[in-house]
Asks: 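This is the structure, below, for whatever I ask next.
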Amino acid sequence: MMLLSKLRSLWFGVFRRPQVEHSMTDEVSFHIDARAADLIRTGVSREEAMRQARLEFGSLEKYKEEIRGARGLRLVDELRGDLRYGLRSLRRSPAFTMAAVISLAFGIGGNTLIFTLIDSTFLQPLSYRDPGQLAVIWSAPVKNLEQIGTSSVSTYFGLRNQNRSFESLGAFNGGGCGVKSFGMENDAAPAERVFGQCFSPSMFDVLGVKPQIGRVFTEAEDQVGNVAAVVLISDGLWKRRFGRDPGMLGKTITLNRTPTTVIGVLPSDFELFKDPNSTATRGSELDFVIPLELTPTQVQSKVGGLTIVGRLKGDISLQQGRAEIETIAAQLAISDPERHQDLSARIEPFRRAAYRDYRSPLLILEGSVAFVLLIGCANVAGLLLARAATRRNEVALRMALGGSRWRIVRQLITENIPVALLGGAVGLLFAGAGLNVFIAIAPHDFPRLDKVSLDFRVLGFTALIVLLTAILSSMVPALQIAKVSLVESLNDSSRSATSGISRFRLRSALVIGQIGLAMILLIGAGLMIHSFYRIVEKDLGADPRNLLTFEFRLTQNETIKPFGRYRGMGLWDISPVPAQRFERVLDRLQQLQGVQAVAAVNAAPFQNQAITMPFLIEGRPAPGVGSDEAPQTAHYFAVTRGFFGVMKVPLLRGRDFNDHETADSPLVIIINQTMARQFFPNDDPIGKHITLDWVPNERPREIVGIVGDTAATPLQRQQAPAIYLPHLQQTAKFTGPSWWIRSGMYFVLRTSVEPLSIVPALKSAVAEVDRTTPVADVRTAEETIDNEVRNLRLYMVLLGVFGAVAIVLAATGIYAVMAYSISERTREIGIRIALGAGSQDVLSMVFRQATFIIGIGLIVGLVGASALSRVLRTVLYDITATDPATYAAVSVVLLLTATIACFIPTRRAVSVDPTVSLKG
Amino acid sequence: MPQEAELLPGTLDLLILKSVSLGSEHGYGILLRIQKITAGALTIEQGALYPALARLEHQGLLEAEWGTSDNNRKAKYYNLTGAGRKRLKQETERWNRNAAALMTALKAQEIG
């Protein structure tokens, strides 16, 4: 209540000031007149009465001022005056203004830019009901709780049935069921590839998502082994294929050749983070949601695949939820060891799970722009310190007249606000431009890219930063000025060296800080640039130029039939149809114009998709079962003939597969060099036999060749061993949810023309063989590689820009401090020259000073960078965070920049004319 | 004539609140009232009244509006707000308690 009244009072004081003043004067005059009237009534003369009334009242001005103070107007007046002074001094010294504004604009602009990114990912509310209550539950091995992964159906059911902390629990799975081919009945167009999710019906409750039109599916429609053919389509798909026609409700579309009824449309702001199991894909939007489609085999399986999401009850905390699920997991491990042994459950807030990949880089970027801001503030602080000399007398006088130190400091900070505001305005321009550039070069799956914009929240943040900047940059000068002693300044000690020296020391300290920060930033940028360069130049083991790839995948029904169980996972019968189809497509494609050679492989090249296959080497003991030893595994590739030729992978020893390797001929296998080195260090692998350890009744395969290593992805940190089979010699059965690798192949075509130019011919050629299976994800290998490194490139560019800005700002700081020092010491230099010092001596004097500052700054920077090196480790590949070459290169850059910065002041020092300088 | 006493800090506010509680009044009238109810024992420089009035109005304990005085001149009249009434009551009780405690202490003949 009191606050409200005070605010209203202040409001009137600021915006209705003339009225307030009038009112004050009127009231006071009334009082004096009334008193005088009373005195007149007692017989005093008019003039005498007025005089006495005034005397009794006391000093008019003093009380008026006290009234103003009581209404809080004094503060307003003081602030207004300080601001006006600040503006005036800006106009008077345009050089200072420009330098200060530019110094601050980068820092403020950069912070605004990064904040916008952080805001749209981590701060803005997710589009679900009460998102703070949402949590994601993972499974993780008890021995290594960091290795979180998806959960088995059994875990999901167990948690769902036994928990008491969650209002609702749901699961989704994008991996096996999220990629479908989509078509319309009676539609002449070839099938299109769409991506979606499989939801348990409870997921809609958990997320609080309601369809735009239609309804969500019910529990009855998602029973194990009995799933209704219903689908909810996304707003995007609805718009794209059906023009938002509400008549679509109830119509039938074909998903993977199965007629499916559209029962609803998802809201336009529906979003879901990328399922960790999902083999899709770059920048794919969600097109549909179907029921979980659990088969009895899956229910029995111990293998994961489900991502569990829960909505905690209102009064239950995350901690309590965590305790409960851990208990349930432990109980399951005891009651059902076959499926749950050695597994525990982990829980984390939904948002953290969604944006985990971006946390580290965004933090690094935020740290960088914070540095840039600090460096900019240090520049302004230095400039203000230089101007401090002229203010000394004024300040001393104020303090002598009773002003408090705090008042002085507040005044200096307030005067700085106009500069900071200007810097903020320019900074916003920078941020806006930077944002446009960012959106252009950012990877498509950067979260909520379409929502990234400068809005009011961002402006509010910028305003805060502006205030902070004003305070930071004037703190040092303000405190220094306020320390001024009365006697010293009133004695006109402009010639005294003492305060000049202390100012110089302060400025030097600021510059050392600037250099240190700039170094840290530059080293970070340098490391990223170095890392990126190494990745891009890395020999991938295969030639990605003029290489076109596409995915050709059949449906689940066409590929597998349940057979039984093996080692806790479902065992499937693999149909021979897919392999035959692949061969026919291969034959047809070989006749295409512009194609030099074509082959196919079961895992998308350079996208780190291969599964790991355990194996046994003939004549060697199997690795201990249940021991802590890692099982013998290698990346598993099933290829058509001619694969190595198409990819230009060198054959190092032995022979390639030939045209006669079929299911009936002797089983052969090719290994890569890493596999040869790791498992056959002392003998020749050729001729030895390997047995895969995946399904029952595996037969041994003879190693016939060794090929060069191929990088799984440009970003791989370690080369893995790999085995290659002729795809026709794969087993007739397969186990586990990774059966999908048997359903499709990635065709690779080496072209003699521009790869993308043959796409139309490609599509019709494939359609000749198979109308209903789409040609999906057509792209060049170079595009794939580019996508893989897109994130890295983005961070590198940003960090590089910030680093460059930082070093330029720091260089300005060096220049300013050296110029200041030399101008302060002009008299001294003049004396020395008059006493016979040559330019050599003057130079060495300047040199010593500069070396000291730059040297300490360099050391601070190097030490700081190595201390912070851990932070960068997650975004660096192929080099250590303390890579000496980078550190050395950056140091050289800094020394060069610093030398250039010192150039002009040094020349000025040498050309001092003693006669001029000694005159003072 | 009772001894004139220096005004203790904070008591001016209380006196103002008390006088205004007796009825809406302008600044000069409040001054006269204070002189009357303290029987002239407490003196203040006249001008000092107004910063106090401004402070109380700023804090929402008094509200003011312009009106006409008995001699037809424009004057600013003050009223107690609800908050002001509450404050007056609180402060009065506090003063009574303190005074009573002090009186008891000063009357004590011996320890214990």
Side-chain angles (χ1 to χ4, degrees), chain A residues 1-14 16-17 19-42 46 49-77, chain B residues 4 7 9-10 12-13 16-17 19-20 24-36 40 43-87 90:
Chain A
M1 202 48 231
M2 197 190 269
L3 181 64
L4 209 60
S5 161
K6 281 190 181 171
L7 285 175
R8 241 188 40 178
S9 198
L10 268 176
W11 169 270
F12 277 110
V14 173
R16 297 259 188 281
R17 191 51 175 278
Q19 278 135 303
V20 169
E21 291 287 321
H22 278 315
S23 152
M24 230 169 31
T25 315
D26 286 348
E27 198 181 6
V28 162
S29 333
F30 173 82
H31 181 113
I32 295 181
D33 289 345
R35 178 69 184 131
D38 283 351
L39 285 172
I40 291 176
R41 232 172 279 142
T42 66
R46 179 167 204 88
M50 286 299 289
R51 194 188 69 88
Q52 201 171 328
R54 283 206 191 94
L55 215 61
E56 283 176 2
F57 190 85
S59 157
L60 211 59
E61 271 320 307
K62 170 174 135 196
Y63 285 121
K64 267 197 183 172
E65 190 55 35
E66 282 191 23
I67 294 175
R68 286 194 198 102
R71 300 187 68 131
L73 295 178
R74 194 176 322 149
L75 186 65
V76 171
D77 285 343
Chain B
E4 293 193 349
L7 200 58
L12 178 59
D13 287 5
I16 293 176
L17 289 175
S19 342
V20 177
S24 175
E25 190 53 86
H26 53 60
Y28 184 61
I30 293 174
L31 183 72
L32 295 179
R33 245 184 228 168
I34 288 179
Q35 287 178 342
K36 210 187 302 184
T43 59
I44 51 166
E45 204 175 23
Q46 295 193 4
L49 189 66
Y50 286 90
L53 282 171
R55 185 173 56 245
L56 290 170
E57 189 189 347
H58 184 65
Q59 289 173 352
L61 302 173
L62 290 179
E63 60 188 1
E65 56 183 1
W66 285 88
T68 337
S69 71
D70 355 321
N71 53 353
N72 253 331
R73 294 205 50 204
K74 227 173 52 151
K76 193 170 177 191
Y77 284 83
Y78 292 89
N79 276 311
L80 268 190
T81 62
R85 249 186 293 277
K86 205 161 76 164
R87 174 71 65 87
Q90 283 169 346

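Atoms considered below: every heavy atom in the structure, side chains included; atoms not considered: hydrogens, waters and symmetry mates. Order of the sequence lines sets the chain letters (A, B, ...), proteins ahead of strands, with each chain counted from 1.
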Asks: What heavy-atom pair brings A/Glu27 and B/Tyr78 nearest, and what distance separates the two atoms?
Replies: OE2-OH, 2.7 Å

Asks: Kindly give the heavy-atom pair with the smallest separation between A/Phe30 and B/Lys74, and that separation in Å.
Replies: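 Taking A/Phe30 first and B/Lys74 second, the nearest heavy atoms are CD1-O, 3.5 Å.
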
Asks: What part of B/Leu56 is in contact with chain A, defined as an atom under 4.5 angstrom from a non-hydrogen atom: side chain, backbone, both or neither?
Replies: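 B/Leu56 has no heavy atom closer than 4.5 Å to chain A.
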
Asks: What is the distance from atom CD1 of A/Ile67 to atom NE2 of B/His58, rounded to the nearest 0.5 Å?
Replies: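 Rounded to the nearest 0.5 Å, the CD1-NE2 separation comes to 13.5 Å.
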
Asks: Should the heavy atoms of other residues, nucleotides or ligands under 6.0 Å from CZ of A/Arg8 be counted, would the total exceed 12?
Replies: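 Open.
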
Asks: How far does CZ of B/Arg55 sit from OG of A/Ser9, to the nearest 0.5 angstrom?
Replies: 13.0 Å

Asks: Check each atom of B/Leu31 against the heavy atoms of chain A and say whether the ones under 4.5 Å are side chain, backbone, both or neither.
Replies: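 For B/Leu31, the side chain is the part near chain A, not the backbone.
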
Asks: Looking at A/Arg68, A/Met24, A/Glu56, A/Glu66, which has the largest count of heavy-atom pairs under 4.5 Å with chain B?
Replies: A/Glu56

Asks: Going by side-chain hydrogen bond (donor to acceptor under 3.5 Å, both in side chains), name the residues that satisfy it together with B/Asn72, two or more places apart in sequence or in a different chain.
Replies: none

Asks: Check salt bridge (Lys or Arg N to Asp or Glu O under 4.0 Å) between A/Arg17 and all other residues, then give those that pass, not counting sequence neighbours.
Replies: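 Only A/Glu21, A/Asp77 meet the salt bridge (Lys or Arg N to Asp or Glu O under 4.0 Å) criterion with A/Arg17.
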
Asks: If I measure from the heavy atoms of chain A, does B/Glu57 come under 4.5 Å with its side chain, its backbone, both, or neither?
Replies: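 Both backbone and side chain.
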
Asks: Let's test your reading of the structure: which of B/Ala48, B/Ala75, B/Ala54 forms the most heavy-atom pairs below 4.5 Å with chain A?
Replies: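 Most heavy-atom pairs under 4.5 Å with chain A: B/Ala48.
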
Asks: Taking side chain as everything from C-beta outward and backbone as N, CA, C, O, which of these in B/Thr81 sits under 4.5 Å from a heavy atom of chain A? Side chain, backbone, both or neither.
Replies: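 Neither part, no heavy atoms under 4.5 Å.
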
Asks: In Å, rounded to the nearest 0.5 Å, how long is the span from OH of A/Tyr63 to CD of B/Gln46?
Replies: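 Between atom OH of A/Tyr63 and atom CD of B/Gln46 there are 9.5 Å.
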
Asks: Take a 6.0 Å sphere around CD of B/Glu65 and say whether it holds more than 12 heavy atoms from other residues, nucleotides or ligands.
Replies: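 Not buried by this count: 12 neighbours or fewer within 6.0 Å.
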
Asks: To the nearest 0.5 Å, what is the distance between CZ on A/Phe57 and CG on B/Leu49?
Replies: 8.0 Å

Asks: Looking at A/Asp33, A/Val28, A/Leu60, A/Leu10, which one has more heavy-atom pairs under 4.5 Å with chain B than the rest?
Replies: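 With the most close heavy-atom pairs to chain B, the winner is A/Asp33.
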
Asks: If we only count heavy atoms from C-beta on, is the B/His26 to A/His31 side-chain gap below 4.5 Å?
Replies: no

Asks: So A/Arg35 and B/Tyr28, do their side chains get closer than 4.5 Å, heavy atoms only?
Replies: yes

